[in-house]
Structure formats: structure tokens, C-alpha cells
Amino acid sequence: MGIRLTSRDHALLWVTWQNQIMSPRQYLRRFWPDASQQAASKRLVELKNEGLLTSNFFPWNMDRHIYTITAAGNRVLVDIGLLDLSLARDFPPRPKELTATTQHHLGVVDLRIALEETGANGSTWVSDHQLRQARRWRFGNPRAADGMFDFDAHGRQGRGVLEFERQSYRRPKMAAIMSRLRADHDGDTVFFVARSAERARRVWTWAVDARTWGDRPERFLVAPLKEVLKHGLDAGFADLDGRRFGSPEV
């Protein structure tokens, strides 16, 4: 290997495998918060030249470069014990176009970073890719939440679940999603991120009416995307009793 890999490089490769795709601005915020874009870009290019990462260029998009891990990057993760040998060939193809799914994945990465900055424990993060694998093996159904993590914020601790609604769901689909989340994450706290403030109010109303979480209203929380991207767990998530996340019980 032509370059000496650091612990940050190992963490970067692991998070890239978990997320499946990432952009340079996300790497900068996650791994170089106090450095320049040039420093981050230089290291990404070195990792790419080493064959551990690959990327595609989208000149018309905000995220012009989209990175994915390679087979060689996976082998590094296997060698250091972060990735099981059975998953050595589990790496995504380079995205050739910016589909709705690709944009959703990039949005989930942004949300993950914001949550980790405000009380979510990044070392415990289980990505949507990992959750889909586990669900497929257990049930043959790959649909899963967008992330799972331990959190310690606003006087509460526990395991959180991220569900991101980038495209508005119709009411029947929303009901099905809430039922799945309750079945899969009965003892966890769901942080539901809606695409807008107006949409968040509608989702909250539907969730109250559905009563899927009626016996545990504090376990289903809703907030709009803009606020969560900016404030993470401090975004004012509202539970189904109308209390803000972290407000005292009444």
C-alpha cells in the first residue's frame, strides 16, 4: 500500500461502507470539522488513488462528487476487524445518475451527522444498509428504518430510530410505516423527520389519529427536515402528546 492509513482513514472507510455513498462536504463536516476543504479533498483523492474509494462526478448537482467504497476498501475493513469476511464483496456500484433513492441516501447521511453532533453516539450507529440486511435475513423483507443509534440528550437516554420522509407518504403508507416501526422498534424512540414544517404537522396529526403509539406517545417524535439538519436532536421534536423532546413529564 502506497499510503499509511490512519485511524481516521479507517473510520472514514467504515462510515462510507455503512452509508453506501457520501459527498466531500459530508466528509468535511464529519471527519475534518476544523480543517479546510482542501485538506479533506487532498486525503480523499489519496484514498481514491489508492483504490479504496471511487467516485462519480455530477457537474449540475450541489454534491458534484459522490464517493463509494471499493472491494479494496472493504478488504481493509475486514483486515482490521470492522467488517465480517462474508461481507467483503458487499460494496455498491458507483451511482451513474442522481435518482430519488440516491438523494434520499445523501439526506440520511446529512441527518446522521447532525444527530451525532447533538447527542447520538456515532459508534453505535447501525445504518439503513445494515438494517436492511438484517431484516432481509430474518423476514425476507428489506424495508427498514434509515438508522438506529444510542442517544443521550435532553435528560433522556436510549436507543433511537431515524425515519426520514424525503418524499411525502400518503396516509395509508404512513400508517403501514408506523406499524412497521412499532413492530421492529417497540422499545425504541422514533425520530421521524418530515420534509417541511407543514408536513411535520400533518404527520403528527396522522400519528395521533392512528394510535399506533398511543400507549407510548413519548416514543414517536416528529420534526421538520430544515430544523433537524441545523439543530439535530435539539430541533424541537414533538411527541404525540405535543411535548417537545426533553420537556419534563406532566
Side-chain angles (χ1 to χ4, degrees), residues 1-58 61-96 98 101-133 146-151 160 162 164 229 232-233:
M1 184 169 291
I3 62 173
R4 182 181 180 86
L5 296 180
T6 66
S7 58
R8 178 165 58 189
D9 295 328
H10 291 154
L12 184 151
L13 292 174
W14 171 243
V15 170
T16 304
W17 179 83
Q18 285 187 304
N19 295 334
Q20 296 286 278
I21 60 173
M22 289 185 69
S23 71
R25 66 175 178 80
Q26 293 170 333
Y27 286 118
L28 178 66
R29 183 176 175 183
R30 177 64 171 77
F31 294 103
W32 287 275
D34 301 316
S36 66
Q37 178 70 61
Q38 290 76 11
S41 297
K42 181 175 182 292
R43 191 56 172 176
L44 288 174
V45 169
E46 290 173 345
L47 293 171
K48 181 179 177 181
N49 290 342
E50 197 68 25
L52 305 179
L53 295 174
T54 187
S55 70
N56 255 8
F57 181 62
F58 300 93
N61 190 55
M62 178 182 72
D63 291 313
R64 295 188 174 187
H65 294 275
I66 306 297
Y67 280 82
T68 57
I69 199 167
T70 64
N74 277 12
R75 285 197 295 274
V76 169
L77 295 177
V78 170
D79 289 344
I80 63 175
L82 284 177
L83 190 64
D84 190 88
L85 180 60
S86 65
L87 297 173
R89 300 296 299 176
D90 177 31
F91 56 92
R94 289 191 304 170
K96 295 181 180 179
L98 287 171
T101 298
T102 302
Q103 296 284 20
H104 179 90
H105 287 327
L106 289 171
V108 169
V109 177
D110 285 329
L111 290 168
R112 171 181 180 172
I113 295 170
L115 295 177
E116 288 180 348
E117 291 173 345
T118 52
N121 185 340
S123 66
T124 67
W125 193 277
V126 182
S127 70
D128 57 334
H129 180 60
Q130 293 169 289
L131 289 170
R132 284 195 303 272
Q133 288 178 327
D146 290 307
M148 189 168 64
F149 53 92
D150 291 348
F151 69 88
L162 171 63
F164 172 38
L229 289 176
L233 291 174

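Index from 1, following the sequence.
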Could you give me the CA-CA distance, side-chain angles and deciding distance for Arg25 and Asp110, then say whether side chain to side chain contact (heavy atoms under 4.5 Å, CB included) is met? CA-CA 10 Å; Arg25 66 175 178 80; Asp110 285 329; 2.8 Å; yes
Applying side chain to side chain donor-acceptor pair (under 3.5 Å) to Gln133 and Asp90, what does each step give before you reach the verdict? CA-CA 11 Å; Gln133 288 178 327; Asp90 177 31; 2.8 Å; yes
List the steps, then state whether side chain to side chain contact (heavy atoms under 4.5 Å, CB included) holds for Ile3 with Leu47. CA-CA 8 Å; Ile3 62 173; Leu47 293 171; 3.9 Å; yes
Dump the intermediate steps for side chain to side chain contact (heavy atoms under 4.5 Å, CB included) on Asp146 and His104, then the final yes or no. CA-CA 10 Å; Asp146 290 307; His104 179 90; 3.0 Å; yes
I'd like to know whether Leu5 forms a side chain to side chain contact (heavy atoms under 4.5 Å, CB included) with Leu52, so could you lay out the CA-CA distance, the side-chain angles of the two residues, the decisive distance to 0.1 Å, and finally the verdict. CA-CA 11 Å; Leu5 296 180; Leu52 305 179; 3.9 Å; yes
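Checked for salt-bridge contact, Asp9 and Arg43 meet the test: a charged N lies under 4.0 Å from a carboxylate O. Using a 4.0 Å cut-off between charged nitrogen and carboxylate oxygen, Arg132 and Asp128 count as a salt-bridge pair.
Interatomic distance, CD1 of Ile113 versus CZ of Arg29, reported as 6.0 Å (0.5 Å rounding). Between the CZ atom of Phe151 and the OG1 atom of Thr124 there is a distance of 10.5 Å, given to the nearest 0.5 Å. Residue Leu13 holds its CG atom at 8.0 Å from OG1 of Thr70, rounded to the nearest 0.5 Å. Rounded to the nearest 0.5 angstrom, Gln18 CD and Trp125 CH2 are separated by 9.5 Å. Residue Arg94 holds its CZ atom at 12.5 Å from CD1 of Ile66, rounded to the nearest 0.5 Å. If you take OH on Tyr27 and CG on Leu53, they are separated by 5.0 Å, rounding to the nearest 0.5 Å.
For the pair Leu87 and Asn74, the tightest heavy-atom approach, listed with the atom from each and the gap, is O-ND2, 3.6 Å. Across every non-hydrogen atom of Lys48 and Ser55, the tightest pair is NZ-OG, 2.8 Å. The minimum heavy-atom distance between Thr16 and Thr68, with the atom names listed, is CG2-C, 4.0 Å. For the pair Asp84 and Ser86, the tightest heavy-atom approach, listed with the atom from each and the gap, is OD2-OG, 2.6 Å. Residues Ala40 and Trp32 approach most closely at CB-CE3, 3.5 Å, considering heavy atoms. When all heavy atoms of Val78 and Ala88 are compared, the pair lying nearest together is CG2-CB, 4.1 Å.
Taking the six-membered ring for Trp and thresholds of 30 and 60 degrees, Trp14 and Trp17 have nearly parallel ring planes, at less than 30 degrees apart.
Within the 4.5 Å cutoff, side-chain heavy atoms of Glu116 are placed close to those of Arg30.
Under the 3.5 Å distance criterion, with hydrogens and angles disregarded, a donor-acceptor pair is assigned to the side chains of Gln130 and Ser127.
Judged by distance alone, the side chain of Asn121 and the main-chain N or O of Asp150 form no donor-acceptor pair under 3.5 Å. The backbone N or O of Leu106 lies less than 3.5 Å from a partner atom in the side chain of Gln26, making a donor-acceptor pair. Looking only at distances, no side-chain donor or acceptor of Asn19 sits under 3.5 Å from a matching main-chain atom of Val109.
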